[in-house]
Amino acid sequence: TCHDPHSFDHEYQLRFEAKNLCITCHHVRVSGHSGLHHSHQGSMVAGIDGKEFPGYTYRNSGHSYMEEGCAGCHMAPPFDEQYADKLGGHTFHILYDNDTPDDATDDILNTESCSHCHGAQATLAYVEETQDEIHELLDELAAIIDIKRPDGTPMYPSDDTLTTIQADIHFNWYFVANDASYGVHNKKYSIDLLMATIEEAIKVYGPNSIESIGEATSYALNQNYPNPFNPSTTIEFAVPKASNVTLSIYDASGQLVYKLVNGYYPAGTYRADWNGTIHEANQLAPSGVYFYRIQAGDYTASKKMVLMK
């Protein structure tokens with residue numbers, strides 16, 4: 001429920017300083033249906049909560065450091081008083097469709113909220129150029145992954161057919177797309193996050209993500225190598241007939257750490273690499289004993305490995 005942040009009518013009204021007002025509600029929240037709720041613009045502006053893969057740099061744009069946060073742009077007074085009830089202030093609008101929602105050619109941007117930082121660049125054309133760049137990256141990522149199921153319904157990051165890293169890749173697509181500003185809120189973070197995700201998606205969805213290395217006459221789960229390892233290790237498994245295969249990694253307490261393999265595989269021997277991250281792809285697993293377990297048809301097996309830093 002949203003309460004009036006300006007009211008003192010009763011003690012349960014929400015009151016926060018401008019910088020923290022919006023992000024208090026508009027941040028990433030887990031959804032059991034899709035994996036994340038919509039309307040997490042605060043996380044995007046702050047440059048947090050994306051699935052940040054190790055080894056990449058993630059930058060923030062100037063909006064991340066604005067003293068008044070979202071209010072600094074969205075509540076800036078309109079550049080012309082005739083738009084007082086259309087732009088800025090308590091309308092919270094930066095863009096006015098000029099009462100022609102189907103015609104974008106006459107849209108009006110509240111340049112008052114942008115020109116202090118962006119100067120002469122504060123034009124609708126500049127905004128659209130930024131958004132086009134993010135749309136292109138989203139389209140590139142969507143072309144690599146299965147963003148939709150065969151029946152056309154969305155493939156959300158919560159889908160249980162996805163491996164851990166696949167879920168994180170899907171999460172980042174929805175994280176940027178659901179922000180819906182397409183780079184306006186935080187252009188640098190959006191670009192860095194999408195480019196890193198595209199590189200990881202190519203590894204995961206490319207032909208060498210789970211490598212086929214030979215034939216198989218029986219089910220097998222081999223000892224990982226190297227072992228002990230830091231930070232990555234290789235696990236080989238074999239299935240003598242086409243099977244649905246899951247290969248999951250657990251810590252010493254039995255907690256699921258990473259779902260490495262989750263899919264249908266023809267008969268053969270395969271090789272998969274674990275990069276030493278836990279379920280949240282931006283966090284490295286600590287040193288310790290881990291167990292990996294395979295299930296393929298009626299076959300199950302598990303083995304122990306040691307991550308030593």
Side-chain angles (χ1 to χ4, degrees), residues 28 30 35-36 40 43 46-59 141 144-147 155-176 189-211 221-237 245-263 270-295 302-309:
V28 165
V30 175
L36 77 164
H40 47 258
S43 292
I48 59 175
D49 296 333
K51 301 297 185 183
E52 297 180 5
F53 299 101
Y56 299 91
T57 299
Y58 301 93
R59 303 165 297 162
L141 180 56
I144 299 170
I145 65 178
D146 298 319
I147 204 65
M155 176 76 83
Y156 290 125
S158 57
D159 195 290
D160 60 9
T161 66
L162 299 174
T163 66
T164 298
I165 194 168
Q166 288 172 341
D168 289 341
I169 288 168
H170 278 67
F171 182 99
N172 283 347
W173 191 93
Y174 282 101
F175 177 78
V176 176
Y189 190 69
S190 298
I191 289 174
D192 290 348
L193 191 67
L194 286 174
M195 291 186 70
T197 305
I198 287 169
E199 287 195 32
E200 292 300 313
I202 290 171
K203 297 176 188 176
V204 172
Y205 288 90
N208 297 318
S209 54
I210 305 295
E211 186 180 3
L221 178 64
N222 298 337
Q223 186 64 51
N224 67 297
Y225 61 89
N227 188 40
F229 65 95
N230 178 32
S232 60
T233 190
T234 299
I235 300 172
E236 294 180 358
F237 64 92
V245 180
T246 59
L247 179 56
S248 302
I249 298 168
Y250 301 86
D251 62 20
S253 69
Q255 182 78 26
L256 176 65
V257 170
Y258 202 95
K259 190 180 287 185
L260 186 61
V261 176
N262 187 18
Y270 297 88
R271 179 163 55 207
D273 294 325
W274 180 41
N275 63 0
T277 58
I278 64 173
H279 182 71
E280 304 296 337
N282 61 336
Q283 186 174 349
L284 294 173
S287 298
V289 174
Y290 293 85
F291 297 88
Y292 55 101
R293 181 177 185 272
I294 191 173
Q295 180 166 357
S302 61
K303 291 187 181 293
K304 181 173 70 174
M305 58 183 172
V306 177
L307 172 56
M308 185 178 296
K309 297 183 179 179

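- K304 NZ: 12 or fewer foreign heavy atoms inside a 6.0 Å radius.
- Take R293 and apply the side-chain hydrogen bond (donor to acceptor under 3.5 Å, both in side chains) test, not counting sequence neighbours, and it matches no residue.
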TODO: Could you go through the side chain to side chain contact (heavy atoms under 4.5 Å, CB included) check for V28 and F171 one step at a time?
DONE: CA-CA 11 Å; V28 165; F171 182 99; 3.9 Å; yes
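- Pairing each heavy atom of A285 with each of Y290, the nearest pair is CB-OH, 3.5 Å.
- Contacts of D251 classified as salt bridge (charged side-chain N to carboxylate O under 4.0 Å, His left out), with partners at least two apart in sequence or in another chain: none.
- Summarising the geometry, atom CG belonging to N230 is positioned 6.0 Å from atom CG belonging to L307; distances are rounded to the nearest 0.5 Å.
- Scored by the side-chain hydrogen bond (donor to acceptor under 3.5 Å, both in side chains) test, T161 finds D159 as partners (sequence neighbours excluded).
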TODO: Begin from the C-alpha positions of Y225 and M305 and carry the test side chain to side chain contact (heavy atoms under 4.5 Å, CB included) through to its verdict.
DONE: CA-CA 9 Å; Y225 61 89; M305 58 183 172; over 6 Å; no
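- Taking 4.5 Å as the limit, some side-chain heavy atom of P54 sits within range of a side-chain heavy atom of T277.
- Judged by distance alone, the side chain of H170 and the main-chain N or O of D146 form a donor-acceptor pair under 3.5 Å.
- Qualifying ring pair (Phe, Tyr, Trp, His ring centres under 6.0 Å) partners for Y156, counting only residues two or more places apart in sequence or in other chains: H33, Y174.
- Aromatic ring centroids of W274 and Y292 lie 6.0 Å or more apart.
- Judged by distance alone, with hydrogens and angles left aside, the side-chain atoms of S248 form no donor-acceptor pair with the main-chain N or O of K259 at under 3.5 Å.
- In this structure, G50 and L193 approach most closely via the heavy-atom pair CA-CD2, 4.1 Å.
- A heavy-atom distance below 4.5 Å is not found between the side chains of N275 and F53.
- Take N262 and apply the side-chain hydrogen bond (donor to acceptor under 3.5 Å, both in side chains) test, not counting sequence neighbours, and it matches no residue.
- Across all non-hydrogen atoms, the minimal contact from L260 to T163 is O-CG2, 3.8 Å.
- Atom-to-atom distance recorded for L162:CG and I169:CD1 is 9.5 Å, nearest 0.5 angstrom.
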Open item on the list: If you apply the rule side chain to side chain contact (heavy atoms under 4.5 Å, CB included), what do you find for V245 with Y270, and how did you get there?
Closed with: CA-CA 11 Å; V245 180; Y270 297 88; over 6 Å; no
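- In this structure, Y58 and A196 approach most closely via the heavy-atom pair OH-CB, 3.6 Å.
- Taking CD1 of I198 as the reference point, atom CH2 of W173 lies at 12.5 Å (rounded to 0.5 Å).
- Judged as a side-chain hydrogen bond (donor to acceptor under 3.5 Å, both in side chains), and not counting sequence neighbours, the contacts of S43 are D49.
- Taken from CG in L194 to OH in Y189, the straight-line distance is 10.5 Å, to the nearest 0.5 Å.
- In this structure, the separation between CD on E200 and CD1 on I165 is 5.0 Å, given to the nearest 0.5 Å.
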Task: Y56 vs D192, side chain to side chain contact (heavy atoms under 4.5 Å, CB included): CA-CA, chis, key distance, verdict - done: CA-CA 8 Å; Y56 299 91; D192 290 348; over 6 Å; no
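- The shortest non-hydrogen separation linking T233 to P226 is OG1-O, 2.9 Å.
- Taking OG1 from T164 and CD1 from I278, the interatomic distance works out to 10.0 Å, rounded to the nearest 0.5 Å.
- Checked by atom type and distance alone, the side chain of N227 pairs as donor or acceptor with a backbone atom of V306 at under 3.5 Å.
- Using a 4.5 Å heavy-atom threshold, the side chains of I235 and L221 count as touching.
- For the pair I145 and Q166, the minimum side-chain heavy-atom distance is 4.5 Å or more.
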